[in-house]
2 protein chains.
Amino acid sequence: MNETGKYKMKRKVPEPTLKRLPGYLYYLDKVKEQGIINISAPMIGKDLKCDPTQVVKDLAVTGIKGKPRVGYNTYELIHALEDYLGFNRTNEAFIVGAGNLGSALMAYQEHQSLGLKIIAAFDVDEKKIGTHVGRIHILEYNKLFSLSNRLDVKIGILTTPNSVAQDVAEDLVNCGIKAIWNFTSAILHLPDDIIVQSTSMSSYAAVLLRRLNDSEK
Amino acid sequence: MNETGKYKMKRKVPEPTLKRLPGYLYYLDKVKEQGIINISAPMIGKDLKCDPTQVVKDLAVTGIKGKPRVGYNTYELIHALEDYLGFNRTNEAFIVGAGNLGSALMAYQEHQSLGLKIIAAFDVDEKKIGTHVGRIHILEYNKLFSLSNRLDVKIGILTTPNSVAQDVAEDLVNCGIKAIWNFTSAILHLPDDIIVQSTSMSSYAAVLLRRLNDSEK
DNA sequence: AACATATAAAGAAATAATTCTTTATTTTAA
DNA sequence: TTAAAATAAAGAATTATTTCTTTATATGTT
């Protein structure tokens with residue numbers, strides 16, 4: 001027995017779908033620039049090299065409906081995607097670890113939209129404290145505690161060495177952080193209600209290298 | 001009718017499995033440091049917060065067998081994983097685009113093992129040409145063509161602005177590159193035999209933001 | 001105004017991945 | 001030497017995701 005009926009159960013949107021959504025957004029921005037007002041799923045599928053029914057299913061999560069023989073309204077679709085992804089809200093984030101990757105993300109977000117607004121970075125390195133990357137100031141790590149008291153930031157980006165990742169993550173949670181974007185290799189052990197999104201560069205490298213080796217037989 | 005028989009057909013290893021393998025490697029390195037000689041799948045599963053049968057299936061791709069009541073030999077397993085992933089070979093790579101992300105990757109790989117050896121970076125920015133990040137020299141973009149003639153590099157890392165990604169990717173293919181690690185948002189249209197691994201930061205941000213919004217109801 | 005056509009929507013089927021179950025093996029202990 | 005326990009391996013079942021098929025609808029054309 002399934003749960004169709006008057007109680008619209010909140011079905012979980014598949015992660016592969018979520019990961020594809022920013023790609024549609026990037027594509028649609030370019031389409032809009034070309035002055036194209038309506039765009040069909042088969043067209044999107046052709047340009048993005050994916051199945052048109054996949055496109056329809058993915059875009060359906062935003063609630064936007066297309067019209068047969070016309071397609072989707074470009075503007076409406078972009079707006080719905082941004083809304084759904086939260087890219088048009090100001091999602092404030094702290095970043096801990098102002099090393100290479102941390103600095104890159106700070107600089108990166110000024111050009112590429114990640115939907116995040118990094119408002120401060122923290123580090124323990126005396127040489128980095130007081131400097132800034134773009135508009136983002138690098139503060140002494142201990143300032144994290146006082147600043148989080150005043151600012152209600154929900155997102156923390158973890159770009160520290162692996163060895164301190166668990167400790168810093170726990171500090172972030174104690175500071176009211178609800179979601180952690182983890183760039184370290186550490187496996188974080190945190191309360192279940194904390195959202196952890198791990199982005200491991202080596203995972204991608206692994207897939208690339210293996211596929212390359214496979215192709216060389 | 002399936003293909004069991006004397007011809008062992010090369011079954012494709014699932015991408016989720018490949019992505020998990022570097023995580024096992026990182027974990028096992030720490031286990032080895034603690035002097036633990038044998039490690040069981042249930043133990044690995046507990047530490048890595050995943051299903052023990054998943055662990056067994058994942059590790060099986062390396063060909064290593066565990067022993068009941070003992071587990072896997074730590075050293076043997078690490079070796080097999082490195083071998084399978086190609087992390088113990090020198091996988092030479094070029095990087096194009098010495099901006100924030102490119103520089104971060106160059107600096108990053110000197111500390112964190114990605115299984116790659118970036119041997120040169122290319123950029124068109126006069127101010128960057130001639131400088132270096134760590135031990136990696138940043139060369140004039142046009143040098144890509146002459147250098148690739150002499151060096152037989154198979155992997156290209158693409159960290160350029162989106163607008164030039166397609167053109168640079170085509171250049172890389174013409175230089176004999178077989179696999180491209182694409183950090184841009186561009187959808188690359190390349191010959192089918194070229195392996196493209198796209199790593200979009202905004203995909204991860206999207207999942208994080210959406211899950212955070214969902215949890216806030 | 002009716003018809004043909006392109007296309008989105010909804011549902012079914014197929015595929016892929018994970019989790020569960022059973023079986024077989026190896027070691028330790030009685 | 002035998003029995004018990006832990007665990008890997010193999011296979012089945014479940015779940016998730018993608019692809020395929022059908023249906024309905026809106027638009028342009030005759």
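Lettering of chains follows the sequences in order, A, B, ..., and the numbering in each one begins at 1.
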- Query: Rounding to a whole Å, what distance do you find between B/L18:CG and C/dT18:P?
  - Reply: 11 Å
- Rounding to a whole Å, what distance do you find between B/I39:CD1 and D/dA6:P? 17 Å
- Query: Between B/G71 and A/P14, which is nearer to the 5' end of DNA chain D once each is assigned its nearest nucleotide?
  - Reply: B/G71
- Query: Which of parallel (below 30°), tilted (30 to 60°) and perpendicular (above 60°) describes B/Y141 and B/F145?
  - Reply: perpendicular
- Query: Does a nitrogen or oxygen in the side chain of B/Q54 sit under 4.0 Å from OP1 or OP2 of C/dA17?
  - Reply: no
- Is a side-chain donor or acceptor of A/R210 paired with a backbone partner of A/A205 at a separation under 3.5 angstrom? no
- Message: What is the separation between atom CD1 on B/I37 and atom C1' on C/dT27, rounded to the nearest whole Å?
- Response: 16 Å
- Residue whose closest nucleotide on DNA chain D lies nearer the 5' end, B/V70 versus B/T53: B/V70
- Between D/dA10, C/dT7, C/dA9, which one does the side chain of B/K65 approach most closely? D/dA10
- Message: If I take atom NZ in residue B/K49 and atom P in nucleotide C/dT19, what distance separates them, rounded to the nearest angstrom?
- Response: 14 Å
- Taking atom P of C/dA9 as reference, at what distance in whole Å does atom NZ of A/K67 sit? 12 Å
- Message: Which nucleotide wins on minimum distance to the side chain of A/D51, given the candidates C/dA6, C/dT25, D/dC20?
- Response: D/dC20
- Got a donor-acceptor contact below 3.5 angstrom from the A/N91 side chain to the A/G86 backbone? yes
- Query: Ion pair present between B/K178 and A/E216, side-chain N to carboxylate O less than 4.0 angstrom?
  - Reply: no
- Message: Set out, in order, the CA-CA distance, both residues' side-chain angles and the distance that settles side-chain hydrogen bond (donor to acceptor under 3.5 Å, both in side chains) for B/S202 and B/S200, then state yes or no.
- Response: CA-CA 5 Å; B/S202 48; B/S200 160; 3.0 Å; yes
- Item | Rounded distance in Å - CD (A/E15) to P (C/dA16) | 20 Å
- Rounded distance (Å) that lies between atom P of C/dA8 and atom CE of A/M43: 12 Å
- Query: How would you label the contact of A/P42 with the nucleic acid (heavy atoms, under 4.0 Å): base, sugar-phosphate, or nothing?
  - Reply: sugar-phosphate
- May I ask you to verify if any side-chain N or O of A/R20 is less than 4.0 angstrom from the OP1 or OP2 atom of D/dT18? yes
- Message: Distance check needed: D/dA6 P versus B/I44 CD1, whole Å only.
- Response: 18 Å
- Message: Looking at D/dT17, I'd like to know if its phosphate oxygens (OP1 or OP2) sit under 4.0 Å from a side-chain N or O belonging to A/K57.
- Response: no
- Query: Among the nucleotides C/dT7, C/dT26, D/dT19, which one has an atom lying closest to any side-chain atom of B/R69?
  - Reply: C/dT26
